[in-house]
Amino acid sequence: MNLHISKSKNAESFYICKSFVKANGSTSSMIVRKLGTLEQLLVEHGPTRDDVLTWAKNEVRIETEKYKNEKETKTVLIPFHADRQLDYNKQAFFRGGYLFLQSVYYQLQMNKICRKLRAKYKFQYDINTILSDLIYTRVLEPRSKRSSYKAALEFLEKPSYELHDVYRALDVLGAECDMVQTEVYKNSHFMGQRNDKILYYDCSNYYFEIEQEDGSKKYGKCKEHRPNPIIQMGLFMDGDGIPLAFSLFPGNANEQTSLKPLEQKVLSEFGCTKFIYCSDAGLGSESIRAFNHMGERAYIVTQSIKKLKTEEKEWALDKKGFKRISDDEPVDITKLPADDTGLYYKDEPYTTNRLHQRLIVTYSPKYAIYQKTIRGGQVERAEEMLKAGKTKKNRKNPNDPARFIGKMAVTKEGEAADIRQYLDEDRIAEEAQYDGFYAVCTDLLDDEVGDILKVSEGRWQIEECFRIMKTDFSARPVYLQDESRIKAHFLICFLALTIYRYLERKLDSRYTCEELLGTLKTMNFAGIQEQGFIPLYRREKITDDLHKACGFRTDYQFITKSQMRSIQKKSKGKE
């Protein structure tokens, strides 16, 4: 603290001021207290100016002692002035939710991967900061790369790069996409043992806001049923729901052709040679099964009962021969109560020209009721369509109510003439016979049925991975056009998903995606007069769990600048 005297033509004013260091290293001062003008002070502390000076210096000493005592007790007093306007272009709002993602980012040693890239390409910009900021904004505020740069300017740690550096970095990340995936997998073992003895695989596609095909952006069957060119992604995920590897392929390519190249990379570069391949029927052709029957690999894939040969289909739909999963006791599934929630199965050898397999068919009364309810609603909509006459459109969606509408061309005398539409009861009955049934095929001939089904049930997690990328991380539509930058875009989405999943695991999966992301987005701070920060979020159980999982706390009433720097270091694993 020090005494500051300001002189003007009409008055001499006395202030107690405090010096401090700004973020850029320069020094400044702030008024702690105004003592008054000389004319005012002479009345009470005079009669001479020297008497006023003596009193004022004593007040400075008292204020200094008070400040020291408050500092020791962690109390902070910062004056605000109702008659003082805000400074121009001074940032007061800061995003802090990225600190928890940063904790995982550095545990995965992503900074060391970036160091390798910098050593290889000899560029000057900080690719580690660029990549990390792109990942954090993809989770917290998914936008275009330009908007992501602007969002990163609100982080507690501001970007040390320019926007043009971001696009240069995308070219490098796209070129080194495979290397980054391999290194992330190796580094992921620092986070604990990977459950890579079970690998799930699935594909999805992403559309572009363009009208013409270009490069890998081809017209294909879009999951969102949009008439735009698409690009497809194949994704491997481990048994705990953590992404393992991905590849991109043209939108018009058969997704089954995407598996072998990516799996061969996992075998050779990742060193994963012993695992169970699990996927749905669309990615479980006989050639894919044969490929995963080699070496120390095995497979568990969904089997379409409708596509079984007549003899196997009749056996599968026959309601005799089922056993209870829990105790292997025989059960007559035709006599189960309506509210039964059990799961029942039967299995038999299923040999093809190339493979000796095992076909397991399950029946769930709860699933049967669910399917019946869904179809009932679709039948009602089909009847409404018939009444309204809105059935002319050729619909190809397998869940469209229009599939229950049949067509017949007759006259009143039965001769060929006008088309008559009707509710196809035969089609409804045919679908109803599959209610509650589900089948998987595997080459694990001696394993317990319960264990096999448990692996198959885990496929929902890879579907959730795609949902998070598309919906929460806004991976589509894709606006980039250059092939390398498109690959970098999906690499960033992949890394964001990986980091999010690890953060989710740190919290023992106690919170939904909506809860966790919603909380991270609200964990912001107000900067207070260059002195520190005040949290703007509400302390809850989830914020306590986040702090505990990541090893630092930001939920104090006031955080000084030095304390915040310490928090930032802890989030990077630096004490």
Original post:
Under the salt bridge (charged side-chain N to carboxylate O under 4.0 Å, His left out) criterion, do Glu431 and Arg427 qualify, and how do the steps go?
Top reply: CA-CA 6 Å; Glu431 288 196 16; Arg427 177 70 181 271; 3.3 Å; yes
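- Using a 3.5 Å distance cut-off with no hydrogens or angles, the side chains of Thr442 and Gln357 do not pair a donor with an acceptor.
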**OP:** Start with the C-alpha distance between Tyr277 and Tyr299, add both sets of side-chain angles, then the distance that settles ring pair (Phe, Tyr, Trp, His ring centres under 6.0 Å), and finish with yes or no.
**Re:** CA-CA 4 Å; Tyr277 168 83; Tyr299 62 84; 8.0 Å; no
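- In this structure, Tyr206 has its ring center under 6.0 Å from that of Phe490.
- Just one residue in the list Val184, Asn187, Thr498 forms a side chain to side chain contact (heavy atoms under 4.5 Å, CB included) with Met110, and that residue is Val184.
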**OP:** May I have the step-by-step check of side-chain contact (heavy atoms from CB on, under 4.5 Å) for Leu546 and Met523, ending in yes or no?
**Re:** CA-CA 11 Å; Leu546 276 166; Met523 298 188 79; 4.0 Å; yes
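- Within a 6.0 Å radius of NZ in Lys372, other residues, nucleotides and ligands contribute 12 heavy atoms or fewer.
- A search for salt bridge (charged side-chain N to carboxylate O under 4.0 Å, His left out) contacts involving Glu141 returns Arg95, Arg143, not counting sequence neighbours.
- Residues in residues 261-276 take part in these salt bridge (charged side-chain N to carboxylate O under 4.0 Å, His left out) pairs, two or more places apart or across chains: Asp178-Lys265, Glu263-Arg297.
- Atom CD of Gln433 is surrounded by more than 12 heavy atoms from other residues, nucleotides or ligands within 6.0 Å.
- Interatomic distance, Ile242 CD1 to Tyr502 OH, rounded to the nearest 0.5 Å: 5.0 Å.
- By the salt bridge (charged side-chain N to carboxylate O under 4.0 Å, His left out) test, Glu255 is found to be paired with no residue, residues two or more places apart in sequence or in another chain being considered.
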**OP:** Walk me through it: do Arg553 and Asp544 pass the test salt bridge (charged side-chain N to carboxylate O under 4.0 Å, His left out)?
**Re:** CA-CA 8 Å; Arg553 303 203 72 89; Asp544 283 349; 3.0 Å; yes
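- A cation-pi geometry, defined here as NZ or CZ lying under 6.0 Å from the six-membered ring centre and within 45° of its normal, holds between Lys346 and Trp315.
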**OP:** Begin from the C-alpha positions of Lys320 and Asp318 and carry the test salt bridge (charged side-chain N to carboxylate O under 4.0 Å, His left out) through to its verdict.
**Re:** CA-CA 6 Å; Lys320 296 178 181 179; Asp318 187 348; 5.6 Å; no
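- Lys323 forms no cation-pi arrangement with Tyr344, by the criterion of a distance under 6.0 Å to the ring centre and an angle within 45° of the ring axis.
- The aromatic ring centroids of Phe246 and Phe494 lie less than 6.0 Å from each other.
- Under 3.5 Å, the side chains of Tyr511 and Asp545 contain a donor-acceptor pair of N or O atoms.
- Here the side chain of Asn524 pairs a donor or acceptor atom with the backbone of Lys521 at under 3.5 angstrom.
- Remark: Gln102 CD to Leu503 CG distance equals 12.5 Å, nearest 0.5 Å.
- The aromatic rings of Tyr500 and Phe473 stand perpendicular to each other, their planes meeting at an angle above 60°, with 30° marking the opposite boundary.
- Between Asp451 and Leu444 there is no side-chain heavy-atom pair separated by less than 4.5 Å.
- Looking only at distances, a side-chain donor or acceptor of Thr137 sits under 3.5 Å from a matching main-chain atom of Leu134.
- Judged by a 6.0 Å distance limit and a 45° cone about the ring axis, Lys217 is positioned over the six-membered ring of Phe208.
- Within the 4.5 Å cutoff, the side chain of Leu359 has heavy atoms near those of the Gln303 side chain.
- For the residue pair Ser258 and Tyr201, a side-chain donor N or O sits within less than 3.5 Å of a side-chain acceptor on the partner.
- Annotation: cation-pi pair Arg226/Tyr207 present, NZ/CZ under 6.0 Å from the ring centroid and within 45° of its normal.
- In the model, Gln232 has no side-chain atom that pairs as donor or acceptor with a side-chain atom of Ser204 under 3.5 Å.
- In this structure a side-chain-to-backbone donor-acceptor pair under 3.5 Å is missing from His293 to Leu355.
- Note that CG of Leu317 is 11.5 Å distant from OH of Tyr363, once rounded to the nearest 0.5 Å.
- A salt bridge is absent between Asp196 and Arg194; no separation between the charged side-chain nitrogens and carboxylate oxygens falls under 4.0 Å.
- Ring geometry for Phe270 against Tyr185 counts as parallel: the plane angle stays under 30°, on a 0 to 90° scale with 60° as the upper cut.
- Side-chain atoms of Ser103 and Gln107 form a donor-acceptor pair, as typed in the model, at a separation below 3.5 Å.
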Subject >> Step-by-step salt bridge (charged side-chain N to carboxylate O under 4.0 Å, His left out) determination, Arg324 to Asp327 >> reply: CA-CA 6 Å; Arg324 187 182 290 109; Asp327 56 15; 3.2 Å; yes
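- Between the side chain of Gln371 and the main chain of Ala368, no donor-acceptor pair closer than 3.5 Å is present.
- Minimum heavy-atom separation, Met237 to Cys465: SD-SG, 3.9 Å.
- Across Asp443, Ile276, Ile300, Leu259, a single residue satisfies side chain to side chain contact (heavy atoms under 4.5 Å, CB included) together with Asn292, and that is Leu259.
- Annotation: Tyr370, atom OH; neighbour count of heavy atoms from other residues, nucleotides and ligands within 6.0 Å does not exceed 12.
- You'll find the ring centres of Phe100 and Phe552 inside the 6.0 Å limit.
- Within 6.0 Å of NE2 in His189 there are more than 12 heavy atoms belonging to other residues, nucleotides or ligands.
- Using a 4.5 Å cut-off on side-chain heavy atoms (C-beta onward), Thr302 and Arg459 make contact.
- Between Lys506 and Val104, some side-chain heavy-atom pair lies under the 4.5 Å cut-off.
- Arg501 has a carboxylate O that lies under 4.0 Å from a charged side-chain N of Glu504, or vice versa, which qualifies the two as a salt bridge.
- Looking at heavy atoms from C-beta onward, Val301 lies out of side-chain contact with Val440 at the 4.5 angstrom threshold.
- Contact detail for Gly458 and Tyr200: the closest heavy-atom pair is CA-OH, 3.5 Å.
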